[in-house]
Amino acid sequence: MCLSYFGRLALGAALASLANAHPAFRGRILSRDTDLLSSYDYVVVGGGASGLTVANRLTEDSNVTVLIIEAGELDHGEDFITIPGLAGGAIGTKYDWNLTYVANPSLANRSVSIPQGKIVGGGTKLNRMVFDRGSELDYDRWEALGNSGWGWSSLLPYFKKSEIFTPPNADIVAEYNITTDTSVHGTDGYVHSSYSPFIWPTMKNFVAAIAELGIFTSVDGASGNAYGAYFTQHSQNPANATRSSARDAYYNNFVARSNLHLITSRQVTKLVTSSENGSVTVTGVEFAESSASARSTVSANMEVIMAAGALHTPQILQLSGIGDSTLLSSINVTTIVDLPAVGRNLQDHVLLAVVNSITAPLTAANLTSNATYAAEMLALYESEYTGPYACATGDFLAFLPVSTYSTAGEAIYAEATTQDSSTYLASDTPSEVLIGYEAQFNLLNQDLLADNSAMLEVLWDDGAYILGLQHPYSRGYVKAASSDPFTAPLLDSAFLHNPLDLALLVEGVKFTRNITRTSAIAALSPVEILPGATVTTDAALEDFVRSNAATVYHPVGTCKMGAQAEGGVVDEELKVYGVNGLRVVDASIFPLLPATHIQSTVYAVAEKAANIIKGSDITA
Ligand SMILES: Cc1cc2nc3c(=O)[nH]c(=O)nc-3n(C[C@H](O)[C@H](O)[C@H](O)COP(=O)(O)OP(=O)(O)OC[C@H]3O[C@@H](n4cnc5c(N)ncnc54)[C@H](O)[C@@H]3O)c2cc1C
Ligand SMILES: *[C@@H]1O[C@H](CO)[C@@H](O)[C@H](O)[C@H]1NC(C)=O
Ligand SMILES: *[C@@H]1O[C@H](CO)[C@@H](O)[C@H](O)[C@H]1NC(C)=O
Ligand SMILES: *[C@@H]1O[C@H](CO)[C@@H](O)[C@H](O)[C@H]1NC(C)=O
Ligand SMILES: *[C@@H]1O[C@H](CO)[C@@H](O)[C@H](O)[C@H]1NC(C)=O
Ligand SMILES: *[C@@H]1O[C@H](CO)[C@@H](O)[C@H](O)[C@H]1NC(C)=O
Ligand SMILES: *[C@@H]1O[C@H](CO)[C@@H](O)[C@H](O)[C@H]1NC(C)=O
Ligand SMILES: *[C@@H]1O[C@H](CO)[C@@H](O)[C@H](O)[C@H]1NC(C)=O
Ligand SMILES: *[C@@H]1O[C@H](CO)[C@@H](O)[C@H](O)[C@H]1NC(C)=O
Ligand SMILES: *[C@@H]1O[C@H](CO)[C@@H](O)[C@H](O)[C@H]1NC(C)=O
Ligand SMILES: *[C@@H]1O[C@H](CO)[C@@H](O)[C@H](O)[C@H]1NC(C)=O
């Protein structure tokens, strides 16, 4: 994809021997099932971004007991986790579930892999640390779909609540003219939000190219107008340029709370339910260390809180008899609550790399080509917390409306408005999901040409343009493949099933060439390697997209918030329909993807969820 990315992985392995072991971790981390209390007020399933956030906030009340059950382990502060320049290095290790989307006929039958964190901290230990927000309209659409209290102005206080913002340092401000709007940031939260102290120099060319094309750079992309370009914050501790994960933010400093328990290496296998007088209540969860080991159970006095992420939360519901009765009977699971929408509405940002070779004095490739330079830069990182290893990339991002990046907008809009919304959905899509999708489809069409809605992300990486389709029309699903919880779920991204998505990406490839033609990029003597200058017709570009598209790792929407009659799985208090004592607080509940990397939105949603559970939502 891009050289620097692979370069980082290789270095990660080389540096593994240098891994600075952290002191033994102390606290209420339980290793034996017999250490657990027999019941907790709340049992949180999954210790990732959302689960650790909610568990932290609930245990602020010392009367409230919370158990987090996490399938993965605690990390050991490995370099590939803590060092921003090696971010992503945990992909494909034991900290990754190693999932793949099923072979997709719209992607030349390829199976695209979809990494997911299996580790305390979840995706926030694997991710590339980009910490940005969507624009106002992205969240106002959630509200327009019937979820009151979930628009931009309602979420902004929670975005702020989750972060500790640090402005960029004077050197980097002087070098790049970075501006910030401190009024939209919080300083009392737990996740560090800061700027890289080092940016690869060709980023200046990209910044100038964006200006040359007349695209505006926002004062601060976090202020609700992320539909131009902006300098990006990262989830990075500026004191020592290390990753600020959900574990660092919401767990490590709170292990002394005796009411907060965490058990690791335990996979939740199903929810325990009781049915009385026609009413179903979740009373606890069943879990196990491995498929061979005995199952244990623990009770929840108040609620079970699902935070296993958008790909596992629906699987666990299905295995517990909460889902589509047709699917459940096909895998021999008895239906307890027939909720056909569970696992539907899967959306993910589609990634595509257009790669140019460039000629520049210094790029990330120097780290792999010059071992002396790499060693010097590592020493600089360790002594002064700066230089390339302090940089996770993606420091300046463009999020472009269709009108900015394509001249085919009207034609694509015309095609969209003649479509029947159900045409490209799976033939077994439940009727209420079709109804809900039609509402989404109409909103997407309404805003397709809007200047305040970004459709395409463009991330510059030393000659590579990493594109991300922000508001895909296609919808996939998650289905438990078997009643065995240790069998991976069947995941269909449905990427590019709707030809509108393909057209929107083809236009993106064309636009990278407009960027390449600016004098600012031309100064780098770019030569297009992928797809290559000879690939020009729409048909050839479509083939390129189908053969190369992958994921930006942002699956959401599989237990969406919304009316049950419109395929909602949870209501606006995040309670699962038809069941008492069960909420979902993770990325599954997003009704629609926002045009941004999604971790900061996951944190904001989880902060709001915690307040809703406590009865103290500040922005109902
Ligand atoms: C490789 C990668 C790169 C990314 N890059 C970025 C980025 O740069 N910027 C950004 O904003 N976002 C990024 N993201 C997305 C972001 O990290 C996720 O959206 C976010 O972590 C999702 O939070 P969550 O709470 O929904 O799920 P997660 O953080 O995934 O947490 C779910 C947790 O539940 C656990 N779990 C699952 N099933 C079970 C079970 N049965 N029993 C017990 N535990 C279970 C998992 O092990 C995991 O720890 C990236 C994600 C990945 C994977
Ligand atoms: C904790 O519970 C006790 C007994 O129910 C009650 O008196 C006390 O006020 C509670 N404390 C908090 C912080 O809620
Ligand atoms: C993911 O794959 C890697 C490489 O094969 C393996 O080492 C790791 O254990 C796998 N992860 C899990 C959770 O099985
Ligand atoms: C994809 O697989 C199907 C079924 O096996 C086959 O008919 C089709 O030709 C394949 N398409 C491509 C592009 O390989
Ligand atoms: C920053 O602003 C100064 C003064 O306006 C200008 O000379 C310089 O080119 C700008 N730098 C960048 C990277 O835009
Ligand atoms: C970075 O600093 C934080 C405190 O600000 C500390 O908790 C953490 O352990 C440090 N990380 C490393 C790798 O030194
Ligand atoms: C169920 O109904 C019975 C008989 O009416 C009653 O005694 C019992 O309390 C009810 N249980 C619940 C959980 O409401
Ligand atoms: C379901 O049960 C039937 C009958 O016991 C069995 O034949 C079938 O293989 C099972 N299916 C699955 C998916 O486990
Ligand atoms: C980086 O690579 C470029 C291009 O190969 C080369 O000209 C330059 O000397 C290299 N610099 C270092 C420090 O390795
Ligand atoms: C490699 O890096 C060293 C240290 O920065 C530098 O002196 C040297 O010129 C570089 N080599 C090349 C071939 O660029
Ligand atoms: C891209 O460049 C071509 C050729 O100059 C031009 O016709 C087209 O309008 C440009 N696209 C956009 C979206 O500006």
Side-chain angles (χ1 to χ4, degrees), residues 2-4 6-8 10-12 14-27 52 56 74-87 89-90 119-121 124-125 129 163-166 169 187-194 196-205 234-256 356-392 461-464 523-527 529:
C2 55
L3 297 173
S4 56
F6 291 116
R8 268 176 227 121
L11 266 151
L15 289 167
S17 57
L18 300 174
N20 43 336
H22 275 211
F25 193 81
R26 293 179 213 291
L52 294 179
N56 177 299
L74 291 154
D75 66 285
H76 303 286
E78 293 91 335
D79 285 347
F80 65 73
I81 288 180
T82 61
I83 300 180
L86 305 176
I119 179 172
V120 176
T124 69
K125 287 283 185 183
M129 301 168 54
E163 72 172 334
I164 320 175
F165 176 74
T166 306
N169 73 41
T187 50
D188 302 325
Y190 298 134
V191 185
H192 281 286
S193 154
S194 68
S196 302
F198 168 91
I199 300 178
W200 288 102
T202 72
M203 192 63 87
K204 290 197 184 90
N205 300 73
H234 285 82
S235 45
Q236 180 161 327
N237 183 341
N240 51 12
T242 52
R243 175 186 297 271
S244 181
S245 70
R247 177 183 166 192
D248 300 292
Y250 286 95
Y251 188 70
N252 281 356
N253 295 326
F254 304 90
V255 289
N356 292 271
S357 71
I358 56 172
T359 303
L362 189 69
T363 67
N366 285 90
L367 285 179
T368 33
S369 65
N370 185 341
T372 311
Y373 175 69
E376 280 180 7
M377 292 302 106
L378 189 60
L380 176 69
Y381 174 78
E382 284 171 347
S383 60
E384 295 175 44
Y385 313 120
T386 189
Y389 288 99
C391 169
D461 193 357
D462 281 334
L524 299 170
S525 312
V527 177
I529 298 170

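Excluded from the calculations below are hydrogen atoms, water molecules and symmetry mates; all remaining heavy atoms, backbone and side chain alike, are included. Remember, it's 1-based here, ligands and their atoms both numbered in the order they're listed. Along the sequence shown, residues are numbered consecutively beginning with 1.
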Main-chain N/O of Ala364 paired to Asp462 side chain as donor or acceptor, under 3.5 Å: yes
Is Thr82 close enough to touch ligand 6? Criterion: a residue heavy atom under 4.0 Å from a ligand atom. no
Within the 4.0 Å heavy-atom shell around Pro361, which atoms of ligand 9 are there? 1 (C), 2 (O), 3 (C), 8 (C), 10 (C), 11 (N)
Any sub-3.5 Å donor-acceptor pair from Arg247's side-chain atoms to Val120's backbone N or O? no
Heavy atom under 4.0 Å from ligand 6: found in Asn237's side chain, backbone, both, or neither? side chain
4.5 Å side-chain heavy-atom contact, Tyr389 and Leu367: yes
May I ask you to decide if Lys125's main-chain N or O and Ser245's side chain share a donor-acceptor pair within less than 3.5 Å? no
Would you mind finding which of Asn366, Thr372, Asn370, Leu362 brings a heavy atom closest to atom 8 (C) of ligand 10? Asn370
Looking at atom 14 (O) of ligand 9, would you say a protein heavy atom lies below 4.0 Å from it? yes
Exercise: identify the closest heavy-atom pair between Ala241 and Tyr381: O-OH, 2.5 Å
Could you name the option among Asn253, Asp248, Asn252, Asn240 that has the heavy atom nearest to atom 12 (C) of ligand 6? Asn240
Would you mind checking which non-hydrogen protein atom is closest to atom 5 (O) of ligand 10, with the distance to 0.1 Å? Glu376 OE1, 3.1 Å
Can you find a protein heavy atom under 4.0 Å from atom 2 (O) of ligand 9? yes
Test item: Asn56 side-chain N/O and Tyr250 main-chain N/O as donor-acceptor pair under 3.5 Å: yes
Quick one: nearest non-hydrogen protein atom to atom 4 (C) of ligand 9, plus distance? Ala360 O, 4.0 Å
Kindly indicate whether the side chain of Thr166, heavy atoms from C-beta on, has any atom under 4.5 Å from the side chain of Gln236. no
What atoms of ligand 10 come closer than 4.0 angstrom to any heavy atom of Tyr373? 2 (O), 5 (O)
